[in-house]
Visitor: 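Take this structure first; my questions come after.
In this text, all values refer to a predicted model and were calculated from it rather than measured experimentally.
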Amino acid sequence: MSFPLLTATAAVPAVGAILTAAVPAARRTAAKWLALTVSLVTLVLAGIVFARFEPGGDRYQLTESHSWIKDFGVRYELGVDGIGVALIALTALLIPFVILAGWHDADPLETQSKRWRPTQGFFALILMVEAMVILSFEATDVFLFYILFEAMLIPMYFLIGGFGDRAHSGTDENAAAQRSYAAVKFLLYNLVGGLIMLAAVIGLYVVAGNFSLTEIAEARANGSLEMASSTEKWLFLGFFFAFAVKAPLWPLHTWLPNAMGEATAPVAVLITAVVDKVGTFAMLRFCLGLFPEASKWATPAIVVLALISIVYGALVAVGQRDIKRLVAYASISHFGFIILGIFAMTSQGQSGATLYMVNHGISTAALMLVAGFLISRRGSRLIADYGGVQKVAPVLAGTFLIGGLATLSLPGLAPFVSEFLVLVGTFARYPVAGIVATTGIVLAALYVLVLYQRTMTGPVKEEVRSMPDLRPRELAVVTPLIALLLFLGVFPKPLTDVVNPAVRHTMSDVQRTDPQPEVPVQNVEAAK
């Protein structure tokens, strides 16, 4: 029996979470180093998965399959395609930076004698989220995926509600109430989506007789599985609703600004750069893979919702006074681009959407973590409380600028490649939608540059005059992320080589081909 590499990649952070939580209360530093070590081991395993994946090989590779609940046909079934491999790599890459950035976020405060902030629990919860997210990218059994899809809400709920941002303008009681509200809203929205998905999962079992993604796809391909058009549409809607909440897609997005605003900066990165990617990933793997005809039927409505997300998220970001909520609304706009690329039903659009998931994760992590370092120094999330930071902390200001420029998809930085592919793929099939989507680019430049101008330039405010620049630990967090943004901005080939074959499989599922140019290219010889 071959080594279960995919299981090991998820099991290491899961076991590490248990060990970290078991560290004695007085050994907080040891718990931190243990969590960081576990995350680095997971990164190595994810790197091996990436290296062993063969882009030209089978659709699902490194597969594992074991009987789990035999009477109901539920199996512990894993396998990765190019899209899953890319997102596993992203998740494993970001978690060490999340842990390093949050090194002191859960330390007990001197003024909190009655409230113990369990440092060990904070890092254990992060590792548990990592394990569940990685396993969700690997699961090819629909029921197993559903269990993971719901279970990851539990550690996230405690990370948001129990370890909130300390930079709050109100009283401690008000801050606690806001954290509680954000955590409950996050949980309720996602639970409702999950319950609707559960009904669709049961319906799929009734129709197909099993939960295996590969077996259902084979049955549909050879004609042994017949699904009525109305049934397929209802099942599609059940799955898509849950994924749209997680993504988040307008108008199901309202939980995200609250959650990101009240969470610590590393947890905010965990939400939008890691957990939310499960929603868009699942649209590709499950919605398009299981319900191709219903996906095409729903495409016009989803394209409209994606366009609203792009424009609405960017417009609201322009008017934000809170740094973290601005990044949250910017992410809503970016997720609109991802969903637009998926449902443009072109190879460029879907390749761009997958790259966008990876690049958005890196760029948002860079911007949000630097913003977190800034907020921790000043003790405020309000943009108006800053000014002239670049004169007292030039390295902090410079990294903040690069993160912001990546967010607006500046050419030469990684998000530009993915956004360009999404727009090209969209223009090819829906030119009007492509034109509307480009307004998101203009608005992104506006909210990013205005944010930088108001916080980093101008006269130095008295409250930031003594602000220290980035420390070595903070530089260790930011520098690799910026290096990745530059590298993937000029050389995205390592990712595109892995992603493109998986996209071709998805296009085959929905029986779509790329639109041909309306004006054929003239033969050069004939022209002569």
Visitor: Can you label the angle between the Tyr312 ring and the Tyr329 ring as parallel, tilted or perpendicular, going by 30° and 60°?
Guide: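 The rings of Tyr312 and Tyr329 stand perpendicular, inter-plane angle above 60°.
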Visitor: Hey, is the main chain of Ala247 close enough, under 3.5 Å, to the side chain of Thr280 for a donor-acceptor pair?
Guide: no
Visitor: Using atom types as modelled and distance alone, determine if a side-chain donor or acceptor of Asp81 lies under 3.5 Å from a backbone N or O of Ala502.
Guide: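 Judged by distance alone, no pair lies under 3.5 Å.
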Visitor: Taking the side chain from Ser418 and the backbone from Pro415, do they hold a donor-acceptor pair closer than 3.5 Å?
Guide: yes
Visitor: Is the shortest side-chain heavy-atom distance between Ile160 and Ile271 below 4.5 Å?
Guide: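 Answer yes - side chains close enough.
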Visitor: Which label fits Tyr356 and Phe337: parallel for a plane angle under 30°, tilted from 30 to 60°, or perpendicular past 60°?
Guide: parallel
Visitor: Are the side chain of Ser180 and the backbone of Ala177 linked by a donor-acceptor contact shorter than 3.5 Å?
Guide: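 Side chain of Ser180 to backbone of Ala177: no pair is present.
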Visitor: Ring-plane angle category for Phe149 and Phe145, please: parallel below 30°, perpendicular beyond 60°, tilted otherwise.
Guide: tilted
Visitor: When you compare the side chain of Thr407 with that of His334, does any pair of heavy atoms fall below 4.5 Å?
Guide: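 Touching, per the 4.5 Å side-chain cut-off.
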Visitor: Just how far is it from atom CD1 of Ile134 to atom CE of Met152, taken to the nearest 0.5 Å?
Guide: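 Rounded to the nearest 0.5 Å, the CD1-CE separation comes to 10.5 Å.
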Visitor: With a sphere of 6.0 Å drawn around CZ of Phe420, does it hold more than 12 non-hydrogen atoms of other residues, nucleotides or ligands?
Guide: no
Visitor: Within the distance-only criterion (no hydrogens, no angle test), does the side chain of Lys277 pair as donor or acceptor with the backbone N or O of Val358 below 3.5 angstrom?
Guide: no
Visitor: Begin from the C-alpha positions of Thr364 and Val269 and carry the test side chain to side chain contact (heavy atoms under 4.5 Å, CB included) through to its verdict.
Guide: CA-CA 7 Å; Thr364 298; Val269 170; 5.5 Å; no
Visitor: Got Lys32 and His104 here, is their nearest side-chain heavy-atom distance under 4.5 Å?
Guide: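 Yes, at least one pair of side-chain atoms sits under 4.5 Å.
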Visitor: Would you give the length of the straight line joining atom CG of Leu488 to atom CG of Leu355, rounded to the nearest 0.5 angstrom?
Guide: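 Rounded to the nearest 0.5 Å, the CG-CG separation comes to 8.5 Å.
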Visitor: Taking side chain as C-beta onward, heavy atoms only, is Leu34 less than 4.5 Å from Phe123?
Guide: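 Side chain of Leu34 against side chain of Phe123, heavy atoms only: no contact under 4.5 Å found.
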Visitor: Measure the OG1-CD1 distance between Thr42 and Ile88 for me, rounded to the nearest 0.5 Å.
Guide: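 So the gap between those two atoms works out to 11.5 Å.
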Visitor: Does a side-chain N-to-carboxylate-O contact under 4.0 Å join Glu262 and Lys185?
Guide: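 No salt bridge links Glu262 with Lys185.
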Visitor: Any sub-3.5 Å donor-acceptor pair from Trp255's side-chain atoms to Val245's backbone N or O?
Guide: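 It does hold such a pair.
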Visitor: Between Leu401 and Met456, is there a side-chain heavy-atom distance shorter than 4.5 Å?
Guide: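 Heavy-atom side-chain distance check fails, nothing below 4.5 Å.
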Visitor: Within the side chain of Lys324, is there an N or O that forms a donor-acceptor pair under 3.5 Å with the backbone of Ala268?
Guide: no
Visitor: Is it true that a side-chain atom of Ser309 and a backbone atom of Trp250 form a donor plus acceptor pair closer than 3.5 Å?
Guide: yes
Visitor: Are any of the side-chain heavy atoms of Gln390 and Phe400 separated by less than 4.5 Å?
Guide: no
Visitor: Can you tell me if CZ on Arg473 sees more than 12 non-hydrogen neighbours from other groups inside 6.0 Å?
Guide: yes
Visitor: Any side-chain to backbone donor/acceptor pair from Asp469 onto Leu396? Under 3.5 Å, distance only.
Guide: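 Between the backbone of Leu396 and the side chain of Asp469 there is a qualifying donor-acceptor contact (under 3.5 Å).
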Visitor: Mark yes or no for whether Arg325, through its side chain, and Arg381, through its backbone, hold a donor-acceptor pair below 3.5 Å.
Guide: no
Visitor: Side chains of Leu410 and Phe416, heavy atoms from C-beta outward: is any pair under 4.5 Å?
Guide: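 Answer no - side chains too far apart.
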Visitor: Looking only at side chains, do Tyr447 and Gln320 share a donor and an acceptor under 3.5 Å apart?
Guide: no
Visitor: Can you confirm whether more than 12 heavy atoms, excluding those of Arg378, are under 6.0 Å from its CZ atom?
Guide: yes
Visitor: Any heavy-atom pair between the side chains of Leu36 and Pro96 that's under 4.5 Å?
Guide: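 The answer is yes; the side chains approach within 4.5 Å.
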